[in-house]
**Q** 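Structure incoming, see below.
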Amino acid sequence: MRARRFEPSAPQPGEPPRPGLYVHVPFCARVCPYCDFAVRRDDVALRETFVESLAGEIRTWECDVAFETVYLGGGTPSILSADQLVRVATVLRESLPIVDDAVWSLEANPEDVDVHRLASWGELGFEVVSLGVQSLQDETLKALGRRHRCSLALSALEDAVSSPLRVSADLIYGHPSETLDCWLENLETVLDSDIEHISCYELTVHEGTPFRRLVDDGRLKLARQDERAVWFRATHEVFAARGWTPYEVSNFARRPEWRSEHNRKYWLHQPYLGLGPSAHSFDGRRRWWNVRGTEDYVARLQDGCEVVEDTELLSDEDLLLEAIMLRLRTVDGLSLRWLGERHGAERANRVKARAQRHVASGLLNLDGDVLSPSLQGLAMADSLAPDLAA
Ligand SMILES: C[S@@+](CC[C@H](N)C(=O)[O-])C[C@H]1O[C@@H](n2cnc3c(N)ncnc32)[C@H](O)[C@@H]1O
Ligand code: SF4
(Lines give C-alpha, C1' and ligand atoms only; values in the text may rest on other atoms or scores of the structure.)
(Ligands and ions follow the chains in the order given, each with its own letter.)
Protein backbone atom coordinates (compact mmCIF):
# COMPACT_ATOMS: atom_id res chain seq x y z
CA MET A 1 0.00 0.00 0.00
CA ARG A 2 1.30 3.51 -0.83
CA ALA A 3 2.60 5.83 1.88
CA ARG A 4 0.02 8.19 3.33
CA ARG A 5 0.53 11.48 5.10
CA PHE A 6 -1.51 12.49 8.11
CA GLU A 7 -1.80 16.30 8.06
CA PRO A 8 -3.62 17.37 11.20
CA SER A 9 -5.08 20.81 11.78
CA ALA A 10 -6.11 22.32 15.11
CA PRO A 11 -9.66 23.22 16.19
CA GLN A 12 -8.29 26.49 17.53
CA PRO A 13 -7.24 29.00 14.84
CA GLY A 14 -3.58 29.97 15.25
CA GLU A 15 -2.72 27.07 17.57
CA PRO A 16 -0.75 23.93 16.69
CA PRO A 17 -2.70 20.67 16.39
CA ARG A 18 -2.31 18.18 19.25
CA PRO A 19 -3.13 14.82 17.68
CA GLY A 20 -3.92 11.50 19.36
CA LEU A 21 -3.35 7.98 18.13
CA TYR A 22 -5.88 5.13 18.45
CA VAL A 23 -5.21 1.45 17.76
CA HIS A 24 -8.14 -0.97 17.57
CA VAL A 25 -7.60 -4.55 18.71
CA PRO A 26 -10.72 -6.46 17.60
CA PHE A 27 -10.34 -9.74 19.52
CA CYS A 28 -12.35 -10.82 22.59
CA ALA A 29 -12.34 -14.14 24.40
CA ARG A 30 -16.13 -13.99 24.15
CA VAL A 31 -18.33 -11.44 22.41
CA CYS A 32 -20.74 -9.78 24.87
CA PRO A 33 -24.41 -9.70 23.75
CA TYR A 34 -24.73 -5.92 24.20
CA CYS A 35 -21.56 -4.91 22.36
CA ASP A 36 -21.56 -3.31 18.91
CA PHE A 37 -17.89 -2.49 18.63
CA ALA A 38 -15.99 -4.13 15.78
CA VAL A 39 -15.08 -7.31 17.63
CA ARG A 40 -14.73 -10.99 16.94
CA ARG A 41 -14.01 -14.08 18.97
CA ASP A 42 -10.32 -14.58 19.59
CA ASP A 43 -8.45 -16.77 17.14
CA VAL A 44 -4.82 -17.30 18.03
CA ALA A 45 -3.59 -17.68 14.45
CA LEU A 46 -5.60 -14.74 13.11
CA ARG A 47 -4.44 -12.61 16.04
CA GLU A 48 -0.84 -13.18 15.00
CA THR A 49 -1.59 -12.30 11.36
CA PHE A 50 -3.50 -9.26 12.57
CA VAL A 51 -0.48 -7.95 14.50
CA GLU A 52 1.66 -8.22 11.36
CA SER A 53 -1.01 -6.51 9.26
CA LEU A 54 -1.42 -3.76 11.83
CA ALA A 55 2.33 -3.18 11.78
CA GLY A 56 2.04 -2.92 7.99
CA GLU A 57 -0.73 -0.34 8.24
CA ILE A 58 1.21 1.69 10.83
CA ARG A 59 4.25 1.77 8.54
CA THR A 60 2.24 3.28 5.68
CA TRP A 61 1.64 6.46 7.66
CA GLU A 62 3.84 9.55 7.85
CA CYS A 63 3.21 12.58 10.00
CA ASP A 64 5.24 15.68 10.92
CA VAL A 65 3.33 16.51 14.08
CA ALA A 66 4.00 14.43 17.20
CA PHE A 67 1.14 12.48 18.79
CA GLU A 68 0.37 13.28 22.43
CA THR A 69 -1.68 10.22 23.36
CA VAL A 70 -1.63 6.57 22.33
CA TYR A 71 -4.74 4.53 23.13
CA LEU A 72 -5.05 0.79 22.55
CA GLY A 73 -8.76 0.02 22.60
CA GLY A 74 -11.01 -2.68 21.38
CA GLY A 75 -12.06 -5.31 21.59
CA THR A 76 -9.61 -6.46 24.17
CA PRO A 77 -6.03 -5.19 23.79
CA SER A 78 -5.05 -7.12 26.95
CA ILE A 79 -5.64 -10.34 24.98
CA LEU A 80 -2.43 -9.61 23.05
CA SER A 81 0.60 -11.54 24.32
CA ALA A 82 3.55 -9.62 25.77
CA ASP A 83 5.48 -10.21 22.57
CA GLN A 84 2.62 -8.96 20.37
CA LEU A 85 2.23 -5.82 22.48
CA VAL A 86 5.98 -5.17 22.28
CA ARG A 87 5.81 -5.42 18.49
CA VAL A 88 2.85 -3.03 18.26
CA ALA A 89 4.47 -0.49 20.61
CA THR A 90 7.83 -0.76 18.84
CA VAL A 91 6.45 -0.23 15.35
CA LEU A 92 4.39 2.73 16.56
CA ARG A 93 7.50 4.35 18.07
CA GLU A 94 9.67 3.60 15.02
CA SER A 95 7.15 4.78 12.45
CA LEU A 96 5.36 7.75 13.94
CA PRO A 97 6.45 10.81 15.92
CA ILE A 98 5.19 10.48 19.50
CA VAL A 99 6.07 12.99 22.21
CA ASP A 100 8.29 11.58 24.99
CA ASP A 101 5.69 12.22 27.68
CA ALA A 102 2.74 10.91 25.65
CA VAL A 103 0.02 9.23 27.73
CA TRP A 104 -0.18 5.56 26.71
CA SER A 105 -3.41 3.75 27.71
CA LEU A 106 -4.58 0.19 27.32
CA GLU A 107 -8.02 -1.40 27.78
CA ALA A 108 -7.93 -4.62 29.78
CA ASN A 109 -10.50 -7.22 30.77
CA PRO A 110 -10.28 -8.34 34.42
CA GLU A 111 -9.48 -11.94 33.50
CA ASP A 112 -6.28 -10.79 31.74
CA VAL A 113 -4.95 -8.83 34.71
CA ASP A 114 -2.32 -9.95 37.20
CA VAL A 115 0.68 -8.27 38.84
CA HIS A 116 3.13 -9.58 36.24
CA ARG A 117 1.11 -8.43 33.27
CA LEU A 118 0.52 -5.03 34.86
CA ALA A 119 4.27 -4.71 35.41
CA SER A 120 5.01 -5.67 31.80
CA TRP A 121 2.50 -3.11 30.48
CA GLY A 122 4.18 -0.47 32.65
CA GLU A 123 7.63 -1.45 31.31
CA LEU A 124 6.28 -1.06 27.77
CA GLY A 125 5.40 2.56 28.53
CA PHE A 126 1.71 2.28 29.35
CA GLU A 127 0.67 4.74 32.00
CA VAL A 128 -3.08 4.07 32.23
CA VAL A 129 -5.00 0.80 32.33
CA SER A 130 -8.73 0.95 31.66
CA LEU A 131 -10.31 -2.02 33.37
CA GLY A 132 -13.62 -3.46 32.15
CA VAL A 133 -15.15 -4.12 35.58
CA GLN A 134 -18.71 -3.47 34.27
CA SER A 135 -20.49 -4.66 37.44
CA LEU A 136 -19.79 -6.11 40.86
CA GLN A 137 -22.95 -8.24 40.81
CA ASP A 138 -22.47 -11.83 39.67
CA GLU A 139 -25.99 -12.05 38.33
CA THR A 140 -25.53 -8.91 36.24
CA LEU A 141 -22.11 -9.98 34.98
CA LYS A 142 -23.67 -13.26 33.88
CA ALA A 143 -26.59 -11.49 32.21
CA LEU A 144 -24.10 -9.21 30.41
CA GLY A 145 -22.38 -12.32 29.08
CA ARG A 146 -19.13 -11.53 30.88
CA ARG A 147 -16.60 -14.23 31.69
CA HIS A 148 -15.46 -12.70 34.97
CA ARG A 149 -17.29 -12.57 38.28
CA CYS A 150 -17.24 -10.02 41.10
CA SER A 151 -14.35 -11.65 43.01
CA LEU A 152 -12.13 -11.56 39.92
CA ALA A 153 -13.08 -7.94 39.15
CA LEU A 154 -12.14 -6.97 42.71
CA SER A 155 -8.81 -8.77 42.67
CA ALA A 156 -7.95 -7.26 39.26
CA LEU A 157 -8.86 -3.84 40.63
CA GLU A 158 -6.72 -4.40 43.71
CA ASP A 159 -3.72 -5.53 41.63
CA ALA A 160 -4.16 -2.62 39.25
CA VAL A 161 -4.39 0.09 41.92
CA SER A 162 -1.28 -1.27 43.65
CA SER A 163 0.67 -1.19 40.37
CA PRO A 164 2.45 1.96 39.13
CA LEU A 165 -0.22 2.39 36.43
CA ARG A 166 -3.07 4.83 36.78
CA VAL A 167 -6.36 2.95 36.82
CA SER A 168 -9.71 3.66 35.25
CA ALA A 169 -12.72 1.35 35.59
CA ASP A 170 -15.57 0.98 33.10
CA LEU A 171 -18.97 0.28 34.66
CA ILE A 172 -22.32 -0.37 32.99
CA TYR A 173 -25.55 0.44 34.80
CA GLY A 174 -29.20 -0.04 33.98
CA HIS A 175 -29.50 -3.79 33.44
CA PRO A 176 -32.79 -4.92 35.04
CA SER A 177 -30.98 -7.59 37.09
CA GLU A 178 -29.59 -4.76 39.22
CA THR A 179 -31.48 -2.41 41.55
CA LEU A 180 -30.51 1.22 41.97
CA ASP A 181 -29.38 0.58 45.56
CA CYS A 182 -27.22 -2.28 44.49
CA TRP A 183 -25.66 -0.22 41.68
CA LEU A 184 -24.85 2.64 44.04
CA GLU A 185 -23.36 0.22 46.57
CA ASN A 186 -21.13 -1.27 43.88
CA LEU A 187 -20.09 2.17 42.77
CA GLU A 188 -19.13 3.02 46.36
CA THR A 189 -17.00 -0.14 46.48
CA VAL A 190 -15.10 0.90 43.36
CA LEU A 191 -14.70 4.41 44.77
CA ASP A 192 -13.29 2.90 47.99
CA SER A 193 -10.36 1.52 46.01
CA ASP A 194 -7.48 3.86 45.18
CA ILE A 195 -8.76 4.30 41.66
CA GLU A 196 -8.11 7.50 39.69
CA HIS A 197 -10.86 7.48 37.08
CA ILE A 198 -14.26 5.84 36.46
CA SER A 199 -16.47 5.72 33.35
CA CYS A 200 -20.14 4.89 34.02
CA TYR A 201 -22.11 3.96 30.94
CA GLU A 202 -25.82 3.48 30.89
CA LEU A 203 -26.59 0.18 29.14
CA THR A 204 -27.34 0.94 25.48
CA VAL A 205 -29.10 -1.59 23.31
CA HIS A 206 -27.73 -1.40 19.77
CA GLU A 207 -29.37 -2.61 16.57
CA GLY A 208 -28.20 -6.04 15.45
CA THR A 209 -27.04 -7.21 18.90
CA PRO A 210 -28.48 -10.21 20.82
CA PHE A 211 -29.74 -7.73 23.44
CA ARG A 212 -31.80 -5.98 20.75
CA ARG A 213 -33.54 -9.26 19.99
CA LEU A 214 -34.19 -9.85 23.71
CA VAL A 215 -35.77 -6.40 23.98
CA ASP A 216 -37.86 -6.96 20.84
CA ASP A 217 -39.07 -10.33 22.20
CA GLY A 218 -39.98 -8.72 25.51
CA ARG A 219 -37.41 -10.79 27.39
CA LEU A 220 -35.29 -7.78 28.38
CA LYS A 221 -37.13 -4.81 29.83
CA LEU A 222 -35.27 -1.53 29.84
CA ALA A 223 -35.90 1.32 32.24
CA ARG A 224 -38.14 4.20 31.16
CA GLN A 225 -36.59 7.61 30.43
CA ASP A 226 -37.73 9.02 33.80
CA GLU A 227 -36.22 6.04 35.66
CA ARG A 228 -32.97 6.45 33.76
CA ALA A 229 -32.86 10.13 34.77
CA VAL A 230 -33.12 9.05 38.43
CA TRP A 231 -30.18 6.64 38.03
CA PHE A 232 -28.14 9.30 36.24
CA ARG A 233 -28.74 11.87 38.96
CA ALA A 234 -28.11 9.38 41.81
CA THR A 235 -24.84 8.30 40.16
CA HIS A 236 -23.64 11.89 39.89
CA GLU A 237 -24.64 12.54 43.50
CA VAL A 238 -22.46 9.67 44.74
CA PHE A 239 -19.45 11.09 42.90
CA ALA A 240 -20.17 14.61 44.11
CA ALA A 241 -20.41 13.42 47.74
CA ARG A 242 -16.93 11.91 47.33
CA GLY A 243 -15.53 15.12 45.85
CA TRP A 244 -14.98 13.60 42.42
CA THR A 245 -15.24 15.80 39.32
CA PRO A 246 -17.70 14.68 36.66
CA TYR A 247 -16.10 16.12 33.56
CA GLU A 248 -18.17 14.48 30.84
CA VAL A 249 -21.60 12.80 30.74
CA SER A 250 -20.10 9.38 31.57
CA ASN A 251 -16.63 10.21 32.88
CA PHE A 252 -15.36 11.03 36.35
CA ALA A 253 -11.86 11.73 37.66
CA ARG A 254 -10.65 11.84 41.24
CA ARG A 255 -8.46 14.81 40.28
CA PRO A 256 -8.65 17.10 37.22
CA GLU A 257 -5.18 16.00 36.06
CA TRP A 258 -6.45 12.42 35.80
CA ARG A 259 -9.09 13.17 33.18
CA SER A 260 -8.69 11.15 30.00
CA GLU A 261 -6.31 13.15 27.80
CA HIS A 262 -7.08 10.91 24.87
CA ASN A 263 -10.88 11.18 25.01
CA ARG A 264 -10.54 14.92 25.50
CA LYS A 265 -9.07 15.06 22.01
CA TYR A 266 -12.29 13.62 20.58
CA TRP A 267 -14.45 16.03 22.58
CA LEU A 268 -12.37 19.07 21.60
CA HIS A 269 -12.18 18.16 17.90
CA GLN A 270 -8.43 17.64 18.08
CA PRO A 271 -7.20 15.45 15.20
CA TYR A 272 -6.63 11.72 15.68
CA LEU A 273 -5.29 8.90 13.60
CA GLY A 274 -7.05 5.55 14.01
CA LEU A 275 -5.40 2.27 13.06
CA GLY A 276 -6.84 -1.24 12.88
CA PRO A 277 -10.23 -2.52 11.71
CA SER A 278 -13.12 -0.02 12.00
CA ALA A 279 -10.83 2.68 13.42
CA HIS A 280 -11.91 6.23 12.63
CA SER A 281 -9.53 9.11 11.90
CA PHE A 282 -10.06 12.86 11.79
CA ASP A 283 -7.59 15.46 10.54
CA GLY A 284 -9.60 18.54 11.50
CA ARG A 285 -11.71 18.59 8.37
CA ARG A 286 -11.96 15.09 6.95
CA ARG A 287 -13.06 11.91 8.71
CA TRP A 288 -12.32 8.45 7.36
CA TRP A 289 -12.67 4.93 8.66
CA ASN A 290 -11.20 1.53 8.04
CA VAL A 291 -13.09 -1.60 6.98
CA ARG A 292 -14.81 -3.25 9.94
CA GLY A 293 -14.11 -6.94 9.44
CA THR A 294 -10.80 -8.22 10.77
CA GLU A 295 -10.41 -10.83 8.03
CA ASP A 296 -11.16 -8.21 5.37
CA TYR A 297 -8.67 -5.81 7.00
CA VAL A 298 -5.94 -8.44 7.13
CA ALA A 299 -6.59 -9.67 3.56
CA ARG A 300 -6.46 -6.15 2.14
CA LEU A 301 -3.15 -5.39 3.83
CA GLN A 302 -1.70 -8.70 2.67
CA ASP A 303 -2.75 -7.83 -0.90
CA GLY A 304 -1.30 -4.32 -0.61
CA CYS A 305 -4.80 -2.79 -0.91
CA GLU A 306 -6.40 0.19 0.75
CA VAL A 307 -8.06 -0.47 4.15
CA VAL A 308 -9.95 2.83 4.31
CA GLU A 309 -13.60 2.08 3.66
CA ASP A 310 -14.87 5.61 3.22
CA THR A 311 -14.11 9.29 3.75
CA GLU A 312 -16.34 12.19 4.67
CA LEU A 313 -15.51 15.86 4.23
CA LEU A 314 -17.13 17.81 7.05
CA SER A 315 -18.74 21.13 6.16
CA ASP A 316 -18.57 24.14 8.50
CA GLU A 317 -22.13 23.31 9.55
CA ASP A 318 -21.20 19.69 10.37
CA LEU A 319 -18.21 20.84 12.39
CA LEU A 320 -20.28 23.42 14.23
CA LEU A 321 -23.00 20.93 15.18
CA GLU A 322 -20.44 18.36 16.30
CA ALA A 323 -18.46 20.93 18.29
CA ILE A 324 -21.56 22.08 20.13
CA MET A 325 -22.69 18.51 20.76
CA LEU A 326 -19.30 17.32 21.97
CA ARG A 327 -18.51 20.33 24.14
CA LEU A 328 -21.92 20.40 25.80
CA ARG A 329 -21.27 16.84 26.97
CA THR A 330 -18.39 18.20 29.04
CA VAL A 331 -18.46 20.35 32.16
CA ASP A 332 -15.91 22.68 30.51
CA GLY A 333 -18.69 23.53 28.09
CA LEU A 334 -18.65 25.65 24.97
CA SER A 335 -16.72 28.90 24.77
CA LEU A 336 -18.65 31.43 22.69
CA ARG A 337 -15.39 33.29 22.09
CA TRP A 338 -13.91 30.12 20.58
CA LEU A 339 -17.08 29.65 18.53
CA GLY A 340 -16.78 33.21 17.22
CA GLU A 341 -13.13 32.74 16.24
CA ARG A 342 -13.84 29.42 14.56
CA HIS A 343 -17.26 29.97 12.98
CA GLY A 344 -17.73 33.75 12.97
CA ALA A 345 -19.20 36.26 15.42
CA GLU A 346 -22.63 36.17 13.80
CA ARG A 347 -22.91 32.43 14.40
CA ALA A 348 -21.69 32.73 18.00
CA ASN A 349 -24.30 35.43 18.67
CA ARG A 350 -27.02 33.23 17.22
CA VAL A 351 -26.01 30.30 19.43
CA LYS A 352 -25.95 32.62 22.44
CA ALA A 353 -29.43 33.91 21.65
CA ARG A 354 -30.80 30.37 21.19
CA ALA A 355 -29.18 29.29 24.47
CA GLN A 356 -31.05 31.91 26.51
CA ARG A 357 -34.17 29.84 27.07
CA HIS A 358 -32.10 26.83 28.15
CA VAL A 359 -30.22 29.07 30.57
CA ALA A 360 -33.58 30.32 31.88
CA SER A 361 -34.88 26.75 32.31
CA GLY A 362 -31.73 25.68 34.18
CA LEU A 363 -30.33 23.26 31.57
CA LEU A 364 -27.37 25.50 30.74
CA ASN A 365 -25.22 27.94 32.70
CA LEU A 366 -23.70 31.01 31.08
CA ASP A 367 -20.55 32.04 32.91
CA GLY A 368 -18.68 34.84 31.11
CA ASP A 369 -18.49 33.59 27.53
CA VAL A 370 -18.81 29.89 28.43
CA LEU A 371 -22.01 27.89 28.09
CA SER A 372 -21.89 24.74 30.20
CA PRO A 373 -24.51 22.13 31.07
CA SER A 374 -26.11 21.86 34.50
CA LEU A 375 -26.53 18.31 35.82
CA GLN A 376 -29.98 18.22 34.24
CA GLY A 377 -28.54 19.60 30.99
CA LEU A 378 -25.74 17.01 31.04
CA ALA A 379 -28.38 14.27 31.14
CA MET A 380 -29.86 15.54 27.87
CA ALA A 381 -26.82 17.13 26.25
CA ASP A 382 -27.32 15.38 22.92
CA SER A 383 -30.75 16.90 22.40
CA LEU A 384 -29.61 20.45 23.25
CA ALA A 385 -26.99 20.72 20.51
CA PRO A 386 -29.26 20.56 17.43
CA ASP A 387 -31.43 23.30 18.89
CA LEU A 388 -28.46 25.58 19.56
CA ALA A 389 -26.95 24.95 16.14
CA ALA A 390 -30.23 25.55 14.24
C1 LIG B 1 -14.54 -0.76 23.79
S2 LIG B 1 -15.27 -1.43 25.20
C3 LIG B 1 -13.88 -2.43 25.57
C4 LIG B 1 -13.47 -2.72 26.94
C5 LIG B 1 -13.20 -4.15 27.34
N6 LIG B 1 -13.12 -5.06 26.25
C7 LIG B 1 -14.30 -4.66 28.25
O8 LIG B 1 -15.39 -4.89 27.74
O9 LIG B 1 -14.06 -4.82 29.41
C10 LIG B 1 -15.27 -0.04 26.26
C11 LIG B 1 -16.42 0.03 27.21
O12 LIG B 1 -17.62 0.35 26.57
C13 LIG B 1 -18.69 0.00 27.41
N14 LIG B 1 -19.76 -0.55 26.58
C15 LIG B 1 -19.64 -1.37 25.53
N16 LIG B 1 -20.86 -1.64 25.01
C17 LIG B 1 -21.76 -0.97 25.76
C18 LIG B 1 -23.20 -0.85 25.73
N19 LIG B 1 -23.93 -1.48 24.82
N20 LIG B 1 -23.79 -0.10 26.68
C21 LIG B 1 -23.06 0.56 27.60
N22 LIG B 1 -21.71 0.47 27.67
C23 LIG B 1 -21.07 -0.28 26.77
C24 LIG B 1 -18.16 -1.01 28.43
O25 LIG B 1 -18.18 -0.45 29.70
C26 LIG B 1 -16.74 -1.23 27.95
O27 LIG B 1 -15.85 -1.45 29.00
S1 SF4 C 1 -17.70 -5.25 25.80
FE2 SF4 C 1 -15.49 -5.55 25.71
S3 SF4 C 1 -15.18 -7.78 26.02
FE4 SF4 C 1 -17.33 -7.48 25.55
S5 SF4 C 1 -17.41 -7.84 23.34
FE6 SF4 C 1 -17.27 -5.60 23.66
S7 SF4 C 1 -15.11 -5.18 23.54
FE8 SF4 C 1 -15.32 -7.42 23.84
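When a residue number appears, it is its place in the shown sequence, counting from 1. Counting starts at 1 for both ligands and their atoms, following the listed order.
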**Q** Could you identify the single nearest non-hydrogen protein atom to atom 1 (S) of ligand 2 and state the distance to 0.1 Å?
**A** Tyr34 OH, 3.3 Å

**Q** Does any N or O of ligand 1 fall below 3.5 Å from an N or O anywhere on Tyr201, backbone included?
**A** no

**Q** Give the residue and atom name of whichever protein heavy atom lies nearest to atom 4 (Fe) of ligand 2, and the separation in Å to one decimal.
**A** Cys32 SG, 2.3 Å

**Q** Closest non-hydrogen protein atom to atom 1 (C) of ligand 1, residue and atom name please, with distance?
**A** Gly74 O, 2.7 Å

**Q** Look at ligand 1 and say whether Ser78 reaches it with a heavy atom at a distance under 4.0 Å.
**A** no

**Q** For atom 20 (N) of ligand 1, which candidate among Thr204, Asn109, Asp170, Thr209 holds the nearest heavy atom?
**A** Thr204

**Q** Salt bridge between Arg357 and Asp387, side-chain N to carboxylate O under 4.0 Å?
**A** yes

**Q** Could you name the option among Cys32, Ser135, Pro33, Gly75 that has the heavy atom nearest to atom 6 (N) of ligand 1?
**A** Gly75

**Q** Is any NZ, NE, NH1 or NH2 atom of the basic residue among Glu68 and Lys265 found under 4.0 Å from an Asp or Glu carboxylate oxygen of the other?
**A** yes

**Q** Considering non-hydrogen atoms of the protein only, which is the closest contact for atom 2 (Fe) of ligand 2, and what is the distance?
**A** Arg146 NH1, 3.9 Å

**Q** Using a strict threshold of under 4.0 Å (side-chain N to carboxylate O), is an ion pair present between Glu111 and Arg30?
**A** no

**Q** So is Gly75 close enough to ligand 2, meaning a heavy atom under 4.0 angstrom away?
**A** yes

**Q** Give the atom numbers and elements of ligand 2 that come within less than 4.0 Å of a heavy atom of Asn109.
**A** 3 (S)

**Q** Could you tell me whether Asp217 and Arg213 have a side-chain N and a carboxylate O separated by less than 4.0 Å?
**A** no

**Q** Students should be able to answer this: which protein heavy-atom is nearest to atom 6 (Fe) of ligand 2, and at what distance?
**A** Cys35 SG, 2.4 Å

**Q** So which protein heavy atom does atom 24 (C) of ligand 1 come closest to, and at what separation?
**A** Gln134 OE1, 3.4 Å

**Q** Flag the pair Asp192 and Arg242 as a salt bridge only when some basic side-chain nitrogen lies within less than 4.0 angstrom of an acidic carboxylate oxygen.
**A** yes

**Q** Is it true that Asp316 and Arg285 have a side-chain N and a carboxylate O under 4.0 angstrom from each other?
**A** yes

**Q** Can you check whether Phe239 and Phe252 have ring centres sitting under 6.0 Å from each other?
**A** yes

**Q** Where on Cys28 is there a heavy atom closer than 4.0 Å to ligand 2, on the side chain, on the backbone, on both, or on neither?
**A** side chain

**Q** Tell me, which protein residue and heavy-atom name are nearest atom 15 (C) of ligand 1, and how many Å apart are they?
**A** Phe37 CE1, 3.5 Å

**Q** I'd like to know if Arg117 and Asp114 make a salt bridge, using a cut-off of under 4.0 Å between side-chain N and carboxylate O.
**A** no

**Q** Would you call Asp64-Arg5 a salt bridge at under 4.0 Å N-O?
**A** yes

